[in-house]
*Asks:* 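Below: one structure in structure tokens.
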Amino acid sequence: MACCGDLRMWNIIILGISFMLIFTAFQTCSMVEKTVLDSISHFSGSGYTSLGILYIVFSLSNWGAPSVVSIAGPKISMIFGSLMYFLFVLSFLRPMVWSLYLGSVLVGLGAAILWTAQGNFLTINSTAETVARNSGIFWALFQSSLLIGNLYSYFVFKGKQTITHVERTDLFIALSAAGLAGTLCLFLLRRRHVADSDDLISLQNPVTTREPDSPWRAFVRSVQLMKTREIILLCFSFFYTGLELTFFSGVYGTCISHNENFGEHRNGLLGISGIFIGIGEIFGGLLFGLLGKKTNAYGRDIIVMLGYVVHMSAFYIAFINLPEQSPVVETGAATYIVSNQYIAILGSFLLGFGDSSFNTQIYSLLGLIFPEDSSPAFALFKFVQSVAAAAGFYYSNVLVLKWQLLILVVTGTIGTVTFNVVEWESTRAQRSGYSTI
């Protein structure tokens, strides 16, 4: 039993480290993408459009991702998906419009496979008692990527009004190396042996184990799950996480770097913002991982409601501290308060902490109520999330800040309510001894 637990923990830690390295490359890239591309003279490609294409392809690919995972298995699927991320970051060494958009297509495809396989792998290596803890550990390690990449970008961009070819090249060589290292770490994941009876403990007891789905069955099961009450309600929560992902990973940092009221250090402040988003993510992941047993006892609704309050506070900070036009253009327009760098960074921390609140609890809830359908369940999560993210990146090109924040407030409120409904129903079902599905 101890050996089985050690193997599971080894896999969770290696999974988290791998994703930390892969997303050190990708998340840093996505945060600085618009700023970097805007610094290249006569370059007609758009960072927002690139990310919008990425999430459209991501959303569509999620319907086929469970089939890929059922054929190749989660480990090989994650290796393939991570290579697509590596190619995307590598394309920034010599930015061209066609390679920018082609890379966006490839990483959208790879992301669907990577995240579906990750959800499946995390579920396989968890039990009902450890799924909340494992989700928190993975999330904390994964989001450490925001610290590493943004610390580097801060020192590269500090005090710079424009980003030179040499600075861009140095940054993306380092990020590409990190992405490749993350892919190589995935080879260290260890396969569990079916012969180990203790290794077959599922998330819900008792539950029947079944053979891995065929590709067609995996697709059909995704369609079937989409019609269930739990998934329909959770789709509102999934959708909100996609919109707030757009905001904290692309829009908020751009608003800071476009805010001329911050002076010559505004591009460097972009990196500091990313660092504090990462600190918020890591703090939330560790906190909710440590509280895993209490979450099982008292419910996930409290954490999600905490995340909701934290996010509403962050949106208010953005509203009063950043110019309306800052998502789209560089501007020194007046704000409701005198633009303050420290308040802006506080908003970054709150965005990260709130994001970890929602995502860790969604991971935990999906792993608990869909233990035998983890691949299609996580694929549907990523499908809806990526549709929302694509929509968010497209309207970020045209909507001023206040309208973007209004959309986030409305969808966040609805998503919080629907998550809590599913959580309460799931808790009642677990206590009554029957499945909610």
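None of these values were measured; they are calculated from a predicted model.
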*Asks:* Start with the C-alpha distance between Val422 and Ile369, add both sets of side-chain angles, then the distance that settles side chain to side chain contact (heavy atoms under 4.5 Å, CB included), and finish with yes or no.
*Replies:* CA-CA 10 Å; Val422 176; Ile369 64 178; 4.3 Å; yes
*Asks:* Work out which heavy atom in Cys255 is nearest to a heavy atom in Leu322; give both atom names and the distance.
*Replies:* CB-CD1, 3.8 Å
*Asks:* Output the distance between atom CZ (Phe381) and atom CG (Leu225), rounded to the nearest 0.5 Å.
*Replies:* 15.0 Å
*Asks:* Going through the checks in order, is the side chain to side chain contact (heavy atoms under 4.5 Å, CB included) test met by Ile345 and Phe349?
*Replies:* CA-CA 6 Å; Ile345 297 306; Phe349 173 82; 6.0 Å; no
*Asks:* With Tyr316, which residues qualify under ring-ring contact (aromatic ring centres under 6.0 Å, His included), at least two apart?
*Replies:* none
*Asks:* Can you check whether Phe172 and Phe92 have ring centres sitting under 6.0 Å from each other?
*Replies:* yes
*Asks:* Taking the six-membered ring for Trp and the single ring otherwise, decide whether the centroids of Trp63 and Phe383 are under 6.0 Å apart.
*Replies:* yes
*Asks:* Side chains of Tyr240 and Gln385: does their closest heavy-atom pair fall under 4.5 Å?
*Replies:* no
*Asks:* Does the side chain of Phe419 come within less than 4.5 Å of Leu365's, by heavy atoms?
*Replies:* yes
*Asks:* Working to the nearest 0.5 angstrom, can you tell me the gap between Cys185 SG and Ile17 CD1?
*Replies:* 6.5 Å
*Asks:* Side chains of Val329 and His258: does their closest heavy-atom pair fall under 4.5 Å?
*Replies:* no
*Asks:* Given the side-chain rings of Trp115 and Phe121, with only the six-membered ring counted for Trp, is the space between their centroids under 6.0 Å?
*Replies:* no
*Asks:* Looking at Pro66 and Asn62, what are the two nearest heavy atoms and their distance?
*Replies:* CD-O, 3.1 Å
*Asks:* For Leu60, what residues pass the side-chain contact (heavy atoms from CB on, under 4.5 Å) criterion, not counting sequence neighbours?
*Replies:* Ile56
*Asks:* Looking at residues at least two apart in the chain, or sitting in another chain, which of them share a side-chain contact (heavy atoms from CB on, under 4.5 Å) with Ile22?
*Replies:* Ser82, Tyr85, Leu186
*Asks:* How would you list, by chain and number, every residue that makes a side-chain contact (heavy atoms from CB on, under 4.5 Å) with Ser135, sequence neighbours excluded?
*Replies:* Leu122, Val131, Tyr363, Ser364
*Asks:* Any chance CZ of Phe276 has more than 12 other-residue heavy atoms, nucleotides or ligands included, within less than 6.0 Å?
*Replies:* no
*Asks:* Before you tell me yes or no, could you show the steps for Asn359 and Trp139 under side-chain hydrogen bond (donor to acceptor under 3.5 Å, both in side chains), namely the whole-Å CA-CA distance, both residues' side-chain angles and the distance that decides it to 0.1 Å?
*Replies:* CA-CA 8 Å; Asn359 278 279; Trp139 197 257; over 6 Å; no
*Asks:* Is there a donor in the side chain of Gln325 and an acceptor in the side chain of Thr331, or the other way round, less than 3.5 Å apart?
*Replies:* no
*Asks:* Taking C-beta and beyond as the side chain, do Phe378 and Asn120 meet within less than 4.5 Å on heavy atoms?
*Replies:* no
*Asks:* Going by atom type alone, with no hydrogens or angles, which donor-acceptor pairs under 3.5 Å involve a side-chain atom of residues 98-111 and a protein atom two or more places apart or on another chain?
*Replies:*
unit_1: Ser99; atom_1: OG; unit_2: Met96; atom_2: N; d: 3.3
unit_1: Ser99; atom_1: OG; unit_2: Met96; atom_2: O; d: 3.0
unit_1: Tyr101; atom_1: OH; unit_2: Ser46; atom_2: N; d: 3.1
unit_1: Ser104; atom_1: OG; unit_2: Ser50; atom_2: O; d: 3.2
unit_1: Ser104; atom_1: OG; unit_2: Ser50; atom_2: OG; d: 2.7
unit_1: Ser104; atom_1: OG; unit_2: Leu100; atom_2: O; d: 2.8

*Asks:* First locate atom CD1 of Ile231, then atom CD of Gln224, and finally report the distance between them rounded to the nearest 0.5 Å.
*Replies:* 12.5 Å
*Asks:* Run the side-chain contact (heavy atoms from CB on, under 4.5 Å) test against Ile232 and tell me which residues pass, sequence neighbours left out.
*Replies:* none
*Asks:* Rounded at 0.5 Å granularity, tell me how far CG in Asn321 sits from CD1 in Ile337.
*Replies:* 4.5 Å
*Asks:* My understanding is that only residues two or more places apart in sequence, or in another chain, count here; which of them pass side chain to side chain donor-acceptor pair (under 3.5 Å) with Trp403?
*Replies:* none
*Asks:* With heavy-atom distances below 4.5 Å as the criterion, would you say the side chains of Asp355 and Gln143 are in contact?
*Replies:* yes
*Asks:* Which atoms form the tightest heavy-atom contact between Ala140 and Ile282, and what is the distance?
*Replies:* O-CG1, 3.5 Å
*Asks:* Distance from Leu184 atom CG to Leu21 atom CG, nearest 0.5 Å?
*Replies:* 9.5 Å
*Asks:* Quick one: are the ring centres of Phe353 and Phe288 less than 6.0 Å apart?
*Replies:* yes
*Asks:* Is any side-chain heavy atom of Leu401 less than 4.5 Å from a side-chain heavy atom of Phe319?
*Replies:* no
*Asks:* Mind running side chain to side chain contact (heavy atoms under 4.5 Å, CB included) on Cys29 and Phe88 for me, showing each step along the way?
*Replies:* CA-CA 9 Å; Cys29 178; Phe88 176 73; 3.9 Å; yes
*Asks:* List the residues meeting side chain to side chain donor-acceptor pair (under 3.5 Å) with Asn259, not counting sequence neighbours, and say none if there are none.
*Replies:* Asn261, Ser339
*Asks:* List in chain and number order the residues that pass side chain to side chain donor-acceptor pair (under 3.5 Å) with Thr418, two or more places apart in sequence or in another chain; answer none if no residue qualifies.
*Replies:* Ser237
*Asks:* Which residue pairs satisfy the salt bridge (Lys or Arg N to Asp or Glu O under 4.0 Å) criterion with at least one member in residues 382-408, sequence neighbours excluded?
*Replies:* Glu324-Lys402
*Asks:* Does a side chain donor of either Thr127 or Thr130 reach within less than 3.5 Å of an acceptor in the other side chain?
*Replies:* yes
*Asks:* Applying side chain to side chain contact (heavy atoms under 4.5 Å, CB included) to Ile362 and Leu234, what does each step give before you reach the verdict?
*Replies:* CA-CA 9 Å; Ile362 288 174; Leu234 286 173; 5.6 Å; no
*Asks:* How about Tyr252 and Phe248: are their ring centroids closer than 6.0 Å?
*Replies:* no
*Asks:* Indicate the atoms forming the closest heavy-atom contact of Thr246 with Ser396, along with that distance.
*Replies:* CG2-OG, 4.0 Å
*Asks:* Where do Ile256 and Phe262 come nearest, in terms of heavy atoms and distance?
*Replies:* O-CD1, 3.6 Å
*Asks:* Suppose we screen for salt bridge (charged side-chain N to carboxylate O under 4.0 Å, His left out). Which residues come up paired with Arg229, at least two apart in sequence or across chains?
*Replies:* Glu425
*Asks:* Quick one: are Met20 and Phe142 in side-chain contact, heavy atoms under 4.5 Å?
*Replies:* no
*Asks:* Below 4.5 Å, heavy atoms only, C-beta onward: do Ile53 and Tyr394 meet side chain to side chain?
*Replies:* yes
*Asks:* Tell me, please, which residues at least two apart from Tyr308 pass side chain to side chain donor-acceptor pair (under 3.5 Å).
*Replies:* Thr413
*Asks:* How long is the gap from OG on Ser61 to CG on Leu54, to the nearest 0.5 Å?
*Replies:* 9.5 Å
